Amino acid sequence: MATMTGFGGVAAAADAPTIRVLRGTLVEELKLDRFPYSIGRKPENALVIADPSVSREHAQILHEGSSYVFVDLGSKHGSKVNGAKADRVVLKPNDRIDLGLAQVHVIFSPQAAEGESIIQRLSSWQEHSTYSDLEHLREFLDAARRLNLASAVSEVLTILVDFSLRVTKAERAFFFKTNPGGSDLTLAYGRDSKGEILTSAETVSHSVLKDAAKSGSDFLITDTQQESNWSARESIVAHNLRSILCIPLRRKVGAQEDNLWGLLYLDSHYRTKGLTNISHDIVRALANDAAALIEHAYLAEAEEMSRRERQEMGIAAEIQKQLMSVTNPDCTFATFKARTIPCKSVGGDFYDIVAAGDSLYFVFADVSGKGISAALLASVLHGVAYSHFVQQRPVEEMVYAANRLLCNKQLLGKYATLLAGQLRSDGELIIVNCGHLQPLRIQGDSVAAVETSSLPVGLFLDAKYEVHKTKLEPGTRLLVFSDGVTEAEDPSGEFFGDERLQCCASKGVEAVLEEVVAFAHGQALNDDCSMLELQYIG
């Protein structure tokens, strides 16, 4: 395509150039008051064309020196200038721009030829359509069903509002979404007949909105001054409203209409001939179709958000798994086994073992709560324990540091039960039990609880913690576990309990967890099941 000549005398004018937009019989004249001047289906564009064949960011008009340049932004259905395919064209007065397959024509800097009006010129370019307004609306809604579901809500709202304005010739149109209770209304989208986005609904008739929301009935008022029921309403008088149409959108469950969840509202400051019973029926039909589409889109967006949350939870679980993984410490005088069955993707149970000097340090903790918050706190406590262990600092010092951290951060009641210990090469065992379940000492077939306990960490800044010391004989094992083990439930709601655990504790970690799972008979676990077993070899 040959390059077109420059803008000529129009570029030298003091005022910004204009474009004239023909949408059927509606003609709008808009000033190019910003650059780049964006055109497309997305509501944030300077010129919005709500047609499925128009891309969300379809084209731009740029101001380059003394010229104005039309640029297609790689749209799916392309653009034309004066009937010829256009990617980048320097515009001249009266150039006609067509976007996609839309029945919308844009004239750049319109100047009527002698003896010919711009309306006549535009009309001669417009393809004659056999579709009625209602058929156009249904066609666009059907196309909206195939749009990307992530943006379908804004797409359908744009179509619903813009074409309601066309059919009724109203000045303004708004879509309000109700909360689950149906009492409060939130402005979801608004636009006026000039194409401007409306972000405030202070000047609408809130009494009509409330009545429509309460009754679930349509309101069509063609002349408030002639209808006594409406002429005295404060909001109508205050804002000088003459014509109002308000249509509730209802959610359907099967064949029955359920609760109200949205309102389409249109009004004018003058008596509009377009706001008739026929246009009312057309818009109502559109609103009913749009209601199902918008609700489907909201549900799709909620499902997409849920999918992303599940994906993020999976990533978090993998990160936590790597952070909490325990490598076999290089230790000649003891062995260990550990395993966790989480009830969620991420949880608050953690354990770690660190060999340093002539000792084996270990920690086992259960953070209050479940999910992401518990996992984050578990990661923080894990870091505190590890940093103390590698420096071979006393176990009680680590416990006091963890308690100070949680108390000083004031984490809204978050706390953790924790058992930390140090096993020396000579068999001496040092334990600080911070509100955790009492561990089990296993010698042969003998199983007994190590009776020691203090307050959980994170509750009181001045808490005191008891240090328990004992001596392990070669072959002695220490079993530490979370309350998810003893509180695992069978289908009747009975707990696994301490007695069952002591009966099978000597069999080892794997055997105990197998019995817990068998006891539950497929019942989902209510809490993380974690176990750690240390054996002193000597």
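The structure presented is a predicted model; accordingly, all values stated were derived computationally and were not measured.
- If you take CG on Leu263 and CG on Leu249, they are separated by 7.5 Å, rounding to the nearest 0.5 Å.
- Atom CG of residue Leu32 and atom CG of residue Leu47 lie 9.5 Å apart, to the nearest 0.5 angstrom.
- Counting heavy atoms from C-beta on, the side chains of His77 and Val54 never come closer than 4.5 Å.
- To the nearest 0.5 Å, atoms NZ (Lys31) and CD1 (Ile19) are separated by 12.5 Å.
- The shortest heavy-atom contact between Arg56 and Asn45 is O-ND2, 2.9 Å.
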Residue pair His206, Leu185: steps toward the side chain to side chain contact (heavy atoms under 4.5 Å, CB included) verdict: CA-CA 10 Å; His206 290 280; Leu185 297 172; over 6 Å; no
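- The distance from atom OH of Tyr415 to atom CG of Leu381, rounded to the nearest 0.5 Å, is 13.0 Å.
- Checking each of Asp72, Asp98, Asp87 against Ser79 for a side-chain hydrogen bond (donor to acceptor under 3.5 Å, both in side chains) leaves exactly one that passes, namely Asp72.
- A distance of 13.5 Å separates CG of Leu266 from CZ of Arg191, quoted to the nearest 0.5 Å.
- With contacts defined as side-chain heavy-atom distances shorter than 4.5 Å, the pair Asn403/Phe460 does not qualify.
- The aromatic rings of Tyr68 and His63 sit parallel, their planes meeting at an angle under 30°, below the 60° perpendicular limit.
- Taking every heavy atom of both residues into account, Val384 and Ala401 meet most closely at CG1-CB, 4.4 Å.
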Test Leu91 against Ile97 for side chain to side chain contact (heavy atoms under 4.5 Å, CB included), laying out the working first. CA-CA 10 Å; Leu91 294 171; Ile97 301 170; 4.2 Å; yes
So Leu406 and Leu377, side chain to side chain contact (heavy atoms under 4.5 Å, CB included) or not? Walk me through it. CA-CA 9 Å; Leu406 297 190; Leu377 190 54; 3.2 Å; yes
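- Residues Ile49 and His58 have side chains not in contact (no heavy-atom distance under 4.5 Å, counting atoms from C-beta outward).
- Of all heavy-atom pairs between Ala170 and Ser268, the closest is CA-OG, 3.2 Å.
- Between Arg404 and Leu461, some side-chain heavy-atom pair lies under the 4.5 Å cut-off.
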Apply the test side chain to side chain contact (heavy atoms under 4.5 Å, CB included) to residues Glu57 and Lys42: give CA-CA distance (whole Å), side-chain angles for both, the deciding distance (0.1 Å), then the verdict. CA-CA 7 Å; Glu57 296 177 353; Lys42 189 167 68 173; 2.5 Å; yes
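- Note that CD of Glu28 and CZ of Arg20 are 11.5 Å apart. Values are rounded to the nearest 0.5 Å.
- Between Leu99 and Val104 the shortest side-chain heavy-atom distance does not fall below 4.5 Å.
- Residues satisfying the side chain to side chain contact (heavy atoms under 4.5 Å, CB included) test with Ala46, not counting sequence neighbours, are Arg34, Tyr37, Ser38.
- Every residue two or more places apart in sequence or in another chain was checked for a side-chain hydrogen bond (donor to acceptor under 3.5 Å, both in side chains) with Gln60, and none qualifies.
- Glu64 and Val69 get closest at one heavy-atom pair: OE1-CG2, 3.6 Å.
- With a 4.5 Å cut-off on side-chain heavy atoms, Phe174 and Leu198 count as touching.
- Side-chain atoms of Phe108 and Val81, non-hydrogen and from C-beta on, never get closer than 4.5 Å to each other.
- The two residues Leu187 and Phe175 come nearest to each other via the heavy atoms CD1-O, 3.7 Å.
- Under the 4.5 Å side-chain criterion, counting only non-hydrogen atoms from C-beta, Ile39 is not in contact with Val106.
- Counting only distance, with no hydrogens or angles, the side chain of Asp267 and the backbone of Ser243 share no donor-acceptor pair below 3.5 Å.
- Residues Leu101 and Ser53 share a closest heavy-atom pair of N-OG, 2.9 Å.
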